[in-house]
Amino acid sequence: MGAVARRAGRFGVDGVGAVGWANQPFCGRVEDMSAGILSRPLFESDAAVAAALRAEIDRQQSTLELIASENHTSLAVRQASGSVFAHKYAEGYPGKRYYGGCVNMDTVESLAIERALKLFPGAAHANVQPHSGAQANTAVYLVVLQPGDTVLSLDLAHGGHLTHGMKLNFSGATYKIVHYGVDRQTERCDMAAIRRLAQECKPKLIICGASAYPRTIDFAAFGEIARECGARLMADIAHIAGMVAVGLHPSPLPHADFVTTTTHKTLRGPRGGLILCGEADAKLVDRWVFPGTQGGPHMHTIAAKAVAFGEALRPEFRSYQQQTLDNAQALAAALQQRGYRLVSGGTDNHLMLVDLRSNHPNVTGKDAEGWLEQAGIIVNKNMIPFDERKPVHTSGLRIGTPALTSRGMKALEMTRVAELIHEVIGSGGDAGTIERVRARVRELCARFVIPD
Ligand code: DSN
């Protein structure tokens with residue numbers, strides 16, 4: 001019996017599932033149904049959640065995921081993430097736990113730390129426990145800042161992040177935030193202007209890094225500015241971590257005192273955060289993660305981080321990052337050929353910001369996001385620098401290639417994707433056009449199934 005048949009027989013996709021699991025519509029190859037296979041016990045105990053999971057597998061398989069911060073993980077990452085490591089409390093750190101029975105916790109956390117330090121050479125210490133990027137950033141702020149201290153960071157409306165001082169976030173509510181923006185002409189960070197601002201406001205912490213910035217970040221220049229004005233520097237590389245790990249984007253190490261990242265974007269791991277720092281800050285970073293801001297570490301996620309970091313250390317990961325970059329540049333060029341203006345004129349990384357005003361002045365980001373979703377193309381509306389529209393409408397779209405690249409798509413498919421995007425937006429949301437594009441999106445997705 002072949003592997004596929006064996007799996008089918010064992011798990012009921014051949015019709016033995018009396019509870020109906022086997023009768024659900026099937027998407028993708030049998031081998032791709034790992035999440036579905038795992039869901040058979042789930043279906044038996046909770047059909048409603050199992051049905052939602054099934055629908056989500058189908059949605060992901062049959063749509064084009066272009067949200068720049070999302071990706072598809074390997075089956076190995078998902079197995080670790082869904083494993084019995086979730087059962088265990090392990091407050092503390094390897095070798096210094098507050099609970100018994102942590103021997104295997106120490107193994108996976110030590111592996112995650114060791115691999116993180118190999119991935120990002122130049123860091124002396126890694127804390128792999130932050131539940132998210134926001135938690136990682138919070139811990140660093142508590143290491144460096146007192147309430148009311150000044151922080152200099154990129155404006156959210158110019159591509160920053162809400163934990164970098166947005167007024168409704170705890171960071172904006174707790175610290176005095178001064179924002180730098182991008183230059184109106186170049187739409188890039190103007191390091192001379194940032195230097196002047198830093199000298200005026202004398203921040204205690206400078207943050208570089210972004211969630212919607214398509215260009216290379218000059219970490220070395222940020223490091224110089226921070227040293228000149230006596231500030232500490234935190235680089236939040238959540239979006240570009242995968243590219244930094246393989247050298248396709250310059251590393252913030254050794255320029256930054258702290259590097260924070262999520263692990264689930266270009267890094268293609270489980271949802272979570274990571275902090276890297278020097279020896280001098282290690283103790284305080286650890287203390288502000290636990291017990292400062294978190295309790296029990298999510299050991300299943302830490303195990304999955306170890307797996308993802310291991311994958312990222314393999315040569316294939318470099319090829320994947322290169323393809324993600326090549327795809328972003330191909331998609332950017334194809335959109336430009338169809339009349340779309342891109343913020344800053346292009347991209348150096350995995351994402352681009354489309355200024356819809358260039359060829360569709362009456363279409364908002366919200367309109368375009370909605371029409372594209374109906375056609376099976378998933379993007380997010382995004383402010384563009386100096387946007388006159390509000391964040392709920394926006395004049396832009398943020399588009400990224402990590403997830404499509406994980407499916408195996410290349411430059412040729414990016415041209416196709418640009419055509420499909422243009423057809424939908426150009427039609428002004430015409431229902432017939434959306435339906436035709438939806439069918440073509442399904443065809444494309446069927447040729448590039450989400451890998452295990
Ligand atoms: N929400 C993430 C993003 O989409 O970039 C950042 O946290």
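When reading the values below, keep in mind they use all heavy atoms of this one structure, side chains included, and skip hydrogens, waters and symmetry mates. For ligands, and for the atoms within them, numbers begin at 1 and follow the listed sequence.
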#### Entry: Audit row: Phe222, Tyr180, ring-ring contact (aromatic ring centres under 6.0 Å, His included) steps and yes/no
CA-CA 12 Å; Phe222 271 107; Tyr180 55 89; 5.7 Å; yes
### Query
Picking from Thr261, Asp281, Val259, Asn127, what satisfies side-chain contact (heavy atoms from CB on, under 4.5 Å) with Leu276?
Val259
### Task
Do me a favour and list the nearest non-hydrogen protein atom to atom 5 (O) of ligand 1 with residue, atom name and distance?
His239 NE2, 2.7 Å
#### Entry: Minimum non-hydrogen distance to atom 4 (O) of ligand 1, winning option of Ser69, Ser211, Gly400
Ser69
### Task
Verify the neighbour count for atom CD of Glu435: are there more than 12 heavy atoms of other residues, nucleotides or ligands below 6.0 Å?
no
### Query
By number and element, which atoms of ligand 1 are closer than 4.0 Å to a non-hydrogen atom of His161?
6 (C), 7 (O)
### Task
Step through the shown structure and confirm whether more than 12 heavy atoms of other residues, nucleotides or ligands are within 6.0 Å of CD on Glu419.
yes
### Query
Using heavy atoms and a threshold below 4.0 Å, how should the contact between Glu70 and ligand 1 be classified: side chain, backbone, both, or neither?
neither
### Query
Do Glu224 and Arg227 meet the salt-bridge criterion of a basic N to acidic O distance under 4.0 Å?
no
#### Entry: Any non-hydrogen protein atom less than 4.0 Å away from atom 1 (N) of ligand 1
no
